[in-house]
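When a ligand or atom number is given, it counts from 1 through the structure's own listing order.
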Amino acid sequence: MEQALKTVADFRLAASKVAEPQAWEYLEGGAGDGCTAEENRAAFARLRLWPRVLRDVSEIDPGVDLFGRRHPSPILLAPTGYHKLFHPGGELAVVRAANRTRATLVAATFSTTALEEMAAAVKEPLWFQLYIQPDRAFTRRLIQRAEACGCEAIVITVDIPVNGPRDRELRAGFQLPPGVIRENLRELGSYTAGASHRPISSDIYTAVRACDATWDDIERIRSEAKIPVLIKGVLHPDDAREALRRGVDGLIVSNHGGRSLDTVPATADVLPDIVAALGGRIPVLVDGGIQRGTDVVKALALGASAVLIGRAYLWGLIAGGEQGAARVIEILQTETRMTLGLLGQADARGVTSDLIFGKTVRLRSAKGAGRAPFCASSLGES
Ligand SMILES: Cc1cc2nc3c(=O)[nH]c(=O)nc-3n(C[C@H](O)[C@H](O)[C@H](O)COP(=O)(O)O)c2cc1C
């Protein structure tokens, strides 16, 4: 791995040069014209930070608290499928990168390494991302497996009930190569080496994600699970309120990195309304387009309790395996601490919308109770 790789963007460029072309199209492609994928980045870039001076930043603490556990950094690793497409080390290389950087990894249902094998290698908290399966008894077994191997939370992805139009990967004729197997779903036996991960039964449906999942599934899973249950892929405040009514423990504002439905809003744009809708009762995390420490701190300032990165650590994985993924995470952790220091904000938990120019109305978030609610319509009012 080249020494000259100093930013996440450097890693993207390096990865683009060595990635297997079909895997690259799968990784990079947004849905449709990629409007949302681009907009995720643009929305963070548009926000202007507003620093304060002459505050003691000799000890910067970027840590956050989630579900009773302290995370030394607010950056978690989003669930992403098929790591063996990107590097022969696959998910275990990412687990070791998470160990090195003390980051929490959300293991994907579509991992190419069995969850138990990942859990055996992990030293940091592991969460499990669930795609509700057409067979609900099998879904329950997946959750029980996650609990049995020590996962600390279940993240149910709800934003892709049918396939999105991934034109780039379709054009490239993307197929899972022989030997790259969804290990957690082995029991289903519904695929063969070389079979596409794309729809088995039709253009828009797939046999490995339930298209009939509803809030009742979420409520049932919540009532049966022994660990916190989050839902990932919420963009509408009414859905956030429904999640609260159904007893969900946390929420991830996400548009799947722009890979599901194109032209939905950027996550940074909807985050404040969702935070306001929940009024600090459960933590709200966010992902989509986070590639700089400034993005991380902006997300916290908009009310997020923590953030997740997706493509960024995969670029690291492609460019340099475990070491590359770890380096990308470290770069973002360092930039986050720098950003906090330069803003005059020593403690990440104290970050508020005051740190964003034009958004001085304070957020009520799960990070601190008793602050006045924020709503998008009040932007720039004071
Ligand atoms: C290659 C790839 C595979 C992904 N696989 C999954 C998945 O299996 N489950 C899921 O919930 N999200 C998946 N995602 C979405 C990520 O969890 C996350 O929402 C997204 O990558 C965040 O945006 P970013 O890539 O701009 O950081 C995937 C994303 C990518 C890039």
Side-chain angles (χ1 to χ4, degrees), residues 8-9 11-12 15 19-20 22-31 34 36-45 75-87 90-91 94 104-113 115 127-133 142 153-161 163-164 166 168-169 174 176 180 182-185 197 206 208-209 213 230-235 251-261 264 266-268 271 285-292 295-296 299 304 306-318 325 328-329 332:
V8 172
F11 273 91
R12 181 186 190 183
E20 200 280 312
Q22 281 197 356
W24 185 248
E25 293 303 288
Y26 165 66
L27 162 63
E28 285 288 287
T36 294
E38 255 177 54
E39 189 60 13
N40 278 343
R41 289 280 314 121
F44 278 115
I75 305 164
L76 285 74
L77 308 184
T80 55
Y82 310 118
H83 290 180
K84 285 186 186 163
L85 279 179
F86 305 120
H87 191 274
E91 283 79 6
V94 174
T104 290
L105 169 65
V106 187
T109 292
F110 292 172
S111 293
T112 47
T113 304
L115 183 59
W127 295 5
F128 177 63
Q129 175 265 328
L130 175 74
Y131 279 131
I132 295 175
Q133 296 294 302
L142 281 175
I154 302 287
V155 173
I156 309 175
T157 301
V158 294
D159 60 3
I160 192 155
N163 291 311
R166 303 262 186 85
R168 280 180 64 172
E169 74 184 65
F174 173 75
L176 285 183
V180 175
R182 286 184 287 254
E183 291 290 349
N184 295 326
L185 306 188
H197 86 298
T206 160
V208 286
R209 286 192 312 256
L230 296 88
I231 57 175
K232 170 174 181 280
V234 171
L235 295 175
L251 213 131
I252 303 180
V253 173
S254 174
N255 51 35
H256 221 101
R259 300 164 68 80
S260 179
L261 177 63
V264 304
T267 49
L271 176 62
L285 288 73
V286 67
D287 72 17
I290 291 170
Q291 292 172 28
R292 280 284 190 185
D295 302 332
V296 176
V307 307
L308 301 95
I309 54 168
R311 290 180 183 84
Y313 76 85
L314 293 177
W315 293 327
L317 179 67
I318 293 171
V328 162
I329 302 163
L332 280 170

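For ligand 1, none of its N or O atoms has an N or O atom of Phe86 under 3.5 Å away. Any N or O atom pair closer than 3.5 Å counts here, and Arg311 shares at least one such pair with ligand 1. The shortest N or O to N or O distance between Thr157 and ligand 1 is below 3.5 Å.
In this pair, Tyr26 and Phe174 present their aromatic rings parallel. The plane angle is below 30°, not in the 30 to 60° band.
When the options Ile156, Ile160, Asp287, Val286 are ranked by their closest heavy atom to atom 22 (C) of ligand 1, first place goes to Asp287. The option from Gly257, Pro79, Gly29, Gly310 that lies nearest to atom 16 (C) of ligand 1, judged by heavy atoms, is Pro79. Across the listed options Lys232, Arg182, Arg259, Arg259 owns the non-hydrogen atom lying nearest to atom 30 (C) of ligand 1.
The protein atom (non-hydrogen) at minimum distance from atom 4 (C) of ligand 1 is Thr80 CA, 3.5 Å. The protein atom (non-hydrogen) at minimum distance from atom 26 (O) of ligand 1 is Gly289 N, 2.8 Å. The protein non-hydrogen atom at the shortest distance from atom 9 (N) of ligand 1 is Tyr131 OH, 3.0 Å. Atom 5 (N) of ligand 1 has its closest protein heavy atom at Gly81 N, 3.1 Å.
Within the 4.0 Å heavy-atom criterion, the part of Leu314 lying near ligand 1 is the side chain and not the backbone. Residue contacts with ligand 1 for Gln129 involve side-chain atoms from C-beta outward but no N, CA, C or O (heavy atoms, distance under 4.0 Å).
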Query - Verdict with reasoning, Trp315 to Glu28, per side chain to side chain donor-acceptor pair (under 3.5 Å) - result: CA-CA 10 Å; Trp315 293 327; Glu28 285 288 287; 2.8 Å; yes
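Remark: the Glu183 side chain and the Thr113 side chain contain no N/O donor-acceptor pair separated by less than 3.5 Å. Side chains of Asp159 and Asn255: no donor on one and acceptor on the other come within 3.5 Å.
Relative to the six-membered ring of Tyr82, Arg182 misses at least one condition, a distance below 6.0 Å or an angle of at most 45° to the axis.
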